Amino acid sequence: MRPLPQPQLDDVEMATVLHALGDPVRLELLRRLAADGESTCSPEGIAVPRSTLSNHWRILREAGVISVRTSGKTRLVTLRRDELDTRFPRLLDAVLDEPAHATA
């Protein structure tokens, strides 16, 4: 499985991150990653088609919000918390502290 392109911290822009976080499904994915630490690309309980879920992961990855690594045939997703906190202090705190609504 080929590695997926991921932006360097210096290339991550606030507007792109905010766009990526502007969708309820992506916010739910973010909350789960923040709570669980790492996830497969197909988490339980997200009620969207697999192709839509793949698109959400792509948007988060290309925005620099997540990191994806391959382990055998599985792709594992991790929140780039430390890097984003360095680049945009308190942004994720503000987003994650927002009460969750029915998103998926």
Side-chain angles (χ1 to χ4, degrees):
M1 201 176 291
R2 66 180 171 82
L4 298 172
Q6 300 176 99
Q8 296 296 317
L9 179 62
D10 292 340
D11 297 331
V12 174
E13 296 180 7
M14 175 70 82
T16 306
V17 171
L18 291 174
H19 168 74
L21 300 178
D23 180 89
V25 173
R26 292 193 291 269
L27 279 176
E28 178 61 22
L29 293 170
L30 179 77
R31 287 185 178 104
R32 288 178 180 214
L33 286 175
D36 300 340
E38 189 170 60
S39 173
T40 65
C41 289
S42 300
E44 298 285 325
I46 300 289
V48 297
R50 186 174 172 94
S51 60
T52 302
L53 187 57
S54 293
N55 187 54
H56 285 306
W57 287 127
R58 179 188 59 78
I59 290 168
L60 289 168
R61 178 181 44 80
E62 289 177 354
V65 175
I66 62 169
S67 174
V68 179
R69 71 179 180 89
T70 302
S71 177
K73 293 184 177 185
T74 303
R75 287 201 167 128
L76 298 169
V77 182
T78 306
L79 177 61
R80 294 175 74 178
R81 179 74 188 242
D82 292 339
E83 293 173 278
L84 286 169
D85 284 346
T86 298
R87 179 94 168 140
F88 308 111
R90 299 180 304 278
L91 174 65
L92 288 180
D93 289 337
V95 171
L96 293 171
D97 286 345
E98 180 69 22
H101 299 286
T103 58

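These numbers were taken from a predicted model, which means no experiment stands behind them.
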J.: Using a strict cut-off of less than 4.0 Å between a Lys/Arg side-chain nitrogen and an Asp/Glu carboxylate oxygen, indicate whether Arg58 and Glu62 qualify as a salt bridge.
T.: yes
J.: Considering non-hydrogen atoms only, spot the tightest contact between Phe88 and Glu13 and give its length.
T.: CZ-C, 3.8 Å
J.: Of all the heavy-atom pairs spanning Pro89 and Thr86, show the shortest one and how long it is.
T.: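 In this case the closest contact between Pro89 and Thr86 is CD-O, 4.0 Å.
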J.: Would you mind reporting whether Leu91 and Leu84 have side-chain heavy atoms less than 4.5 Å apart?
T.: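 In short, these two side chains do not touch, never coming nearer than 4.5 Å.
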J.: Answer whether the closest heavy-atom distance between the side chains of Ser39 and Arg32 falls below 4.5 Å.
T.: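 Sidechains of Arg32 and Ser39: no contact.
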J.: Measuring from Cys41:SG to Leu76:CG, what's the distance to the nearest 0.5 Å?
T.: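 The distance works out to 7.5 Å.
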J.: Side chains of Thr78 and Arg69: is there a donor and an acceptor less than 3.5 Å apart?
T.: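 No - no donor-acceptor pair under 3.5 Å links their side chains.
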J.: Looking at every heavy atom in both Pro7 and Arg61, which two are closest together, and how far apart are they?
T.: CD-O, 3.3 Å
J.: Between OG1 of Thr16 and CG of Leu21, what distance do you get to the nearest 0.5 Å?
T.: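 Answer rounded to 0.5 Å: 10.5 Å.
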J.: Which heavy-atom pair separates Val95 from Arg31 by the least distance, and what is that distance?
T.: O-NH2, 3.7 Å
J.: When rounded to the nearest 0.5 angstrom, what is the spacing between CZ in Arg26 and CG in Leu53?
T.: 11.0 Å
J.: Does some side-chain heavy atom of Arg81 sit less than 4.5 Å from a side-chain heavy atom of Leu96?
T.: yes
J.: Nearest 0.5 Å, what's the CG-CZ distance between Leu60 and Arg80?
T.: 12.0 Å
J.: So, applying side chain to side chain contact (heavy atoms under 4.5 Å, CB included) with Val77, which one of Thr40, Ile66, Leu29, Asp36 is it?
T.: Ile66
J.: Ile59 and Leu92: same hydrophobic cluster, using ILVMFWY side-chain contacts below 4.5 Å?
T.: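 No, Ile59 does not connect to Leu92 through the hydrophobic network.
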J.: Taking Val68's backbone N and O only, do any of them form a donor-acceptor pair with Gln6's side chain (distance below 3.5 Å, no angle check)?
T.: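 Checking the backbone N and O of Val68 against the side chain of Gln6, a donor-acceptor pair under 3.5 Å is found.
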J.: Measure the CG-NE2 distance between Leu27 and His56 for me, rounded to the nearest 0.5 Å.
T.: 10.5 Å
J.: Rounded to the nearest 0.5 Å, what's the gap from CG on Leu9 to CG on Asp82? Could you check?
T.: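 That separation rounds to 11.0 Å.
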